[in-house]
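Positions are given from 1, in the same order as the sequence printed here.
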Amino acid sequence: MRKSGSGQNGARGGRSGARQGFRSREDKPARKASSTKAPSTKAPSAKQGGLKSAAGKTRAASALREKPAARPNQAKPATAEAPRQPTRAQAKAAAQEVLATGVQTLVVEPDEADMRVDRFLVARFPQLAFTHIQRIVRKGELRIDGKRAQPNDRLAAGQKVRIPPLKLDQQRPISRNAAKDQDDREFLKSITLYEDKDVLIINKPMGLAVQGGSGTKRHVDGLLEALKDDEGQKPRLVHRLDKDTAGCLVIAKTRFAASTMAKSFRARTTRKIYWALVAGVPRVRQGRVSTYLAKEGDEGDSRMRVAQHGDEGASHALTYYAVVDTAAQKLAWLSLKPVTGRTHQLRAHAAHIGHPIVGDPKYFDIENWELPGGIQNKLHLLARRIVIAHPRTGKPIDVTAPLPPHMQQSFNLLGLDTSRYDPIVEAPEE
């Protein structure tokens, strides 16, 4: 990143500051499934059939001569037929029937390979709240091949997932209303930024949750039900945004696209840029925030705290930031590039450096600080831009989201120009 006028360059702290372009990484080769040698169908030899007796070769020859005459009366060995595998729909139905009856074991199917364990449960049990699933995983009640599972564990085909007795948190809708589906399709179309046969990128509005939870009835994942294809498959979420964060949200329309783009996010080859309006102006105009974050608090009111390496549940989080413009030294327009993708990462990091995001109900902790007149007390955070390789062609899809209404109002009041050069593009990629 370029040095600021003060001569400080926080972006290089502790790491090489060499510019690194958008790059792809070779995926690790998929593990080969172990093949099972088919049993031999070769007829047993005379010795194997016990035809040779202690009397010697004469009786053996006689027995061999008598064998053809005895064949018509012998029943042919029955060929064992492979058991018929249930269809995916039948497997899901069977799993749902025993959902509340006790412990069960599910086998990961080939098309479910590489899924996170929590997403696997969402797909198998859509009537369960995502927060409920996260809770049982976090408590260690879920096992993969006998080992305790973590929420971000990836599954392999053939693995066995042991599930404890579960309580249904919500009832699955009995039927869908055609008019409602049409309304949902039109709404999704109105916020679409990019779409082809594999990929859908929408401009998620502030206040719309990405997934359901306690008391959340309308969310993106539910809206996607209206886009199911003829086989009953609906588009899949590839990543998430906080409920009050607006902007670019990537959705896969096919299983192939979901698997490929999920690898892009994990390999950190996907570039994400966020815009935020924060309290005060950072002394270091271009910087790097590297901490460990851990969740604290109850499920419904949890937040992330800065933790120490080795703390239970702590994960490394890395963010680059740059000051794009300021307003009377009271507010700053920051551009942020998260390298990792932790929950509330940008919000927690902004607060950690002493400049919380305006309107953040969880992390804004400056006492006696008042909003300038005309600025709404809403989270001023936008997933401004995303660049991701197309799952089939490999060519970059580059999408930009406009400011949400409340941020546009604030920018207008403060005289901030969105066409201004954004220095975050020079930040390292890792």
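Of the possible donor and acceptor atoms, none in the side chain of His344 sits under 3.5 Å from a partner among the backbone N and O of Arg347. For the pair Lys204 (side chain) and Leu208 (backbone), a donor-acceptor distance under 3.5 Å is present. In this structure, Thr326 contributes its side chain and Gln329 its backbone to no donor-acceptor pair below 3.5 Å. Not a single donor-acceptor pair under 3.5 Å links the side chain of Asp360 to the backbone N or O of Ile357. Of the possible donor and acceptor atoms, one in the side chain of Gln159 sits under 3.5 Å from a partner among the backbone N and O of Ala156. At distances below 3.5 Å, at least one donor-acceptor pair connects side-chain atoms of His355 with backbone N or O atoms of Ala279. Side-chain atoms of Asn177 come within 3.5 Å of backbone N or O of Lys180 as a donor-acceptor pair. Side-chain N or O atoms of Gln409 include one that pairs as donor or acceptor with a backbone N or O of Gly374 at under 3.5 Å. In terms of modelled atom types and a separation under 3.5 Å, the side chain of Arg384 and the main chain of Ala401 share a donor-acceptor contact. Judged purely by atom type and a 3.5 angstrom limit, Lys272 has no side-chain atom pairing as donor or acceptor with the backbone of Arg385.
Closest approach of Leu331 and Val281 over heavy atoms only: O-CG2, 3.8 Å. The shortest heavy-atom contact between Thr245 and Leu381 is OG1-CD2, 3.6 Å. Closest non-hydrogen pair, Lys234 versus Asp221, comes out as NZ-O, 3.0 Å. Residues Ala389 and Gly394 come closest through the heavy atom pair CB-O, 3.7 Å. Closest non-hydrogen pair, Tyr421 versus Val324, comes out as O-CG1, 3.7 Å. Of all heavy-atom pairs between Lys362 and Arg303, the closest is O-NH2, 3.1 Å.
Under the 3.5 Å distance criterion, with hydrogens and angles disregarded, a donor-acceptor pair is assigned to the side chains of His390 and Asp196.
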Yes or no on side chain to side chain contact (heavy atoms under 4.5 Å, CB included) for Leu277 and Leu416, after CA distance, side-chain angles and deciding distance? CA-CA 11 Å; Leu277 193 64; Leu416 303 176; 4.0 Å; yes
Let's go through Arg162 and Glu141 carefully: what are the C-alpha distance in whole Å and the side-chain angles of both, what is the deciding distance for salt bridge (Lys or Arg N to Asp or Glu O under 4.0 Å) to 0.1 Å, and is it a yes or a no? CA-CA 8 Å; Arg162 178 188 177 276; Glu141 298 175 351; over 6 Å; no
Going through the checks in order, is the side-chain hydrogen bond (donor to acceptor under 3.5 Å, both in side chains) test met by Thr340 and Gln345? CA-CA 8 Å; Thr340 53; Gln345 176 176 320; 2.7 Å; yes
Report the C-alpha separation of Leu142 and Val161 in whole Å, then their side-chain angles, then the decisive distance to 0.1 Å, and conclude whether the side chain to side chain contact (heavy atoms under 4.5 Å, CB included) test is met. CA-CA 7 Å; Leu142 204 72; Val161 182; 4.2 Å; yes
Show, in sequence, the C-alpha distance, side-chain angles and deciding distance for Leu155 and Ile144, and conclude whether the side chain to side chain contact (heavy atoms under 4.5 Å, CB included) test is met. CA-CA 8 Å; Leu155 296 171; Ile144 302 175; 3.6 Å; yes
Where do His316 and Tyr292 land on the side-chain hydrogen bond (donor to acceptor under 3.5 Å, both in side chains) test, with the steps shown first? CA-CA 4 Å; His316 181 243; Tyr292 284 84; 5.5 Å; no
Would Gln233 and Lys228 count as a side chain to side chain contact (heavy atoms under 4.5 Å, CB included) if you check the C-alpha gap in whole Å, the side-chain angles of each, and the deciding distance to 0.1 Å? CA-CA 5 Å; Gln233 296 295 323; Lys228 281 185 174 180; over 6 Å; no
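Phe256 has its side chain within reach of Pro391: a pair of non-hydrogen atoms, C-beta onward, lies under 4.5 Å apart. In this structure, Pro423 and Gln286 have side chains that are in contact, with non-hydrogen atoms separated by less than 4.5 Å. Trp275 is listed as a side-chain neighbour of Thr418, based on a closest heavy-atom distance under 4.5 Å. The shortest distance between side-chain heavy atoms of Val199 and Ile251 does not fall below 4.5 Å. Within the 4.5 Å cutoff, no side-chain heavy atoms of Leu200 are placed close to those of Tyr194. Lys330 places a side-chain heavy atom less than 4.5 Å from the side chain of Trp369. Within the 4.5 Å cutoff, side-chain heavy atoms of Asn203 are placed close to those of Pro402. With a 4.5 Å cut-off on side-chain heavy atoms, Val323 and Leu334 count as touching.
For the pair Arg116 and Phe265, the cation-pi criterion (under 6.0 Å, within 45° of the ring axis) is not fulfilled.
For NZ of Lys160, the number of neighbouring non-hydrogen atoms (other residues, nucleotides, ligands) closer than 6.0 Å is 12 at most. More than 12 heavy atoms of other shown residues, nucleotides or ligands fall within 6.0 angstrom of atom CD in Glu186. Atom NZ of Lys243 has 12 or fewer heavy atoms from other residues, nucleotides or ligands within 6.0 Å.
Atom CE of Met206 is separated from atom CG of Asp244 by 4.0 Å, given to the nearest 0.5 angstrom. Interatomic distance, Arg143 CZ to Thr105 OG1, rounded to the nearest 0.5 Å: 12.5 Å. For the atom pair OG1 (Thr291) and NE2 (His309), the distance works out to 13.0 Å, reported to the nearest 0.5 Å. The CD atom of Gln376 lies 12.0 Å from the CE atom of Met407; values are rounded to the nearest 0.5 Å. One finds the CZ atom of Arg266 at 14.5 Å from the NE2 atom of His239 (value rounded to the nearest 0.5 Å). Arg271 contributes atom CZ, which lies 13.0 Å from atom CD1 of Ile388 (distance to the nearest 0.5 angstrom).
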